[in-house]
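Below is one structure; the comments refer to it alone.
In what follows, every chain begins at residue 1, and chains take the letters A, B, ... in the order their sequences are listed.
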There are 2 protein chains.
Amino acid sequence: MVFVSDTTVVPPELACPISPVVDLVFSRWTTPILWVLNEFGRQRFVELERRITTISPKVLTQRLRQLERDGFVVRTYHPEVPPRVEYEITDLGRGLGPLFASIAEWSVNLDKVEQARSDYDARKPSPRAR
Amino acid sequence: MVFVSDTTVVPPELACPISPVVDLVFSRWTTPILWVLNEFGRQRFVELERRITTISPKVLTQRLRQLERDGFVVRTYHPEVPPRVEYEITDLGRGLGPLFASIAEWSVNLDKVEQARSDYDARKPSPRAR
DNA sequence: GATAGTAGGTACCTAGAGGAAAGTATGGTT
DNA sequence: AACCATACTTTCCTCTAGGTACCTACTATC
């Protein structure tokens with residue numbers, strides 16, 4: 001499947017070596033969840049729900065399971081009545097810190113994107129052939 | 001909309017300050033496209049198509065337009081016959097390099113994720129209440 | 001005059017993600 | 001005996017991203 005000659009052709013995952021990480025870490029809702037777990041420490045389901053205001057409980061459960069399975073989060077179940085569950089970020093999850101930091105750094109460029117968009121939209125509505 | 005007291009409640013964008021960048025840079029297909037543009041330099045539509053083997057032409061066009069509008073890519077149209085179009089990454093796009101680099105660095109942890117998944121799957125199929 | 005080649009555009013269709021709302025188990029409170 | 005709270009689960013529904021397939025314009029070439 002991998003030819004390296006005149007035309008370099010590789011499968012999509014190899015065409016971009018960072019894709020696996022991107023799919024893993026930056027899939028929908030995972031960054032907000034990991035962020036608040038990292039910011040506010042161990043917390044319960046409802047607390048997460050209240051902080052990430054727009055997430056539905058169903059999706060929150062799904063993402064938390066996935067994050068737990070991937071080793072980013074630990075779930076602790078307290079068999080009380082009513083039941084209590086706590087979620088905490090793991091060392092592996094905390095290891096994403098530098099990554100998040102470099103993203104935060106880059107965000108100073110967001111206004112350049114804004115500028116580019118204005119410029120693009122200003123250049124006639126559809127100059128597709130020049 | 002922002003209360004800071006006992007319960008810190010903020011809108012979702014603010015709950016995670018890196019979300020805007022994530023939505024912008026790590027939406028589907030954008031990383032492979034930017035990656036190959038950065039790796040292989042200026043290239044034509046069909047070359048991109050051949051390198052990112054699994055993308056459909058429709059989606060490739062959509063993403064390229066979006067990347068152009070956001071200022072990550074410049075498109076150059078040559079009115080020849082048959083027409084020729086070249087895409088190139090901009091300085092703004094190249095500025096994502098350090099970001100991509102830190103992601104590539106983190107990817108050494110991918111096997112830990114694999115391990116976590118095996119462990120999770122091994123711990124009885126559904127021990128949801130312990 | 002049929003075909004090829006480029007860089008798309010357009011119409012149609014489907015799968016999957018995600019939202020809303022109700023249900024579940026448990027025991028305590030009123 | 002109704003009701004509450006928690007942490008989900010389940011059902012149903014919708015919406016959109018993305019795929020397939022076909023169409024466009026233009027000329028050279030067979």
Of all the choices, C/dG9, D/dG18, D/dC8, which nucleotide is nearest to the side chain of B/Val59 once you look at every atom?
D/dG18

Closest heavy-atom contact between A/Ser19 and B/Pro32?
OG-CG, 3.9 Å

Whole-Å distance between [N] [atom2] and [X] [atom1]?
{"X": "A/Leu48", "N": "D/dA7", "atom1": "CG", "atom2": "C1'", "result": "12 Å"}
{"X": "A/Gln43", "N": "D/dA7", "atom1": "CD", "atom2": "P", "result": "12 Å"}
{"X": "B/Glu49", "N": "D/dG18", "atom1": "CD", "atom2": "P", "result": "16 Å"}
{"X": "A/Leu64", "N": "D/dT9", "atom1": "CG", "atom2": "P", "result": "10 Å"}
{"X": "A/Leu60", "N": "C/dG18", "atom1": "CG", "atom2": "P", "result": "12 Å"}
{"X": "A/Gln62", "N": "D/dC8", "atom1": "CD", "atom2": "C1'", "result": "12 Å"}
{"X": "A/Glu80", "N": "D/dT6", "atom1": "CD", "atom2": "P", "result": "12 Å"}
{"X": "A/Tyr77", "N": "D/dC8", "atom1": "OH", "atom2": "C1'", "result": "10 Å"}

Hey, does the Lys NZ or Arg CZ of A/Arg44 hover above the aromatic six-ring of A/Tyr87, less than 6.0 Å from the centre and inside 45° of the axis?
no

Within less than 4.0 Å of OP1 or OP2 of [N], is there a side-chain N or O belonging to [X]?
{"X": "A/Arg84", "N": "D/dA5", "answer": "no"}
{"X": "A/Arg75", "N": "D/dA7", "answer": "no"}
{"X": "B/Arg63", "N": "D/dA17", "answer": "no"}
{"X": "B/Arg28", "N": "C/dA17", "answer": "no"}
{"X": "B/Arg44", "N": "C/dT6", "answer": "no"}

Verdict with supporting geometry, A/Arg63 and A/Gln66, side-chain hydrogen bond (donor to acceptor under 3.5 Å, both in side chains):
CA-CA 5 Å; A/Arg63 297 300 132 190; A/Gln66 181 187 315; 3.0 Å; yes

Give a yes or no on whether the backbone of A/Glu49 and the side-chain of A/Thr53 come within a donor-acceptor separation of less than 3.5 Å.
no

What is the ring orientation for B/Phe26 with B/Phe100, classed by angle as parallel under 30°, tilted 30 to 60°, or perpendicular over 60°?
tilted

What bend angle does the helix from C/dG1-D/dC30 to C/dT30-D/dA1 show across its length, from five-pair end axes and to the nearest 10 degrees?
40°

Can a salt bridge be assigned to the pair B/Glu114 and B/Lys112 using a cut-off of 4.0 Å between side-chain N and carboxylate O?
no

Straight-line distance of A/Leu67 CG to A/Ser27 OG, nearest 0.5 Å
7.5 Å

Could you list all N or O pairs between the protein and nucleotides 21-30 of chain C that sit under 3.5 Å apart?
none

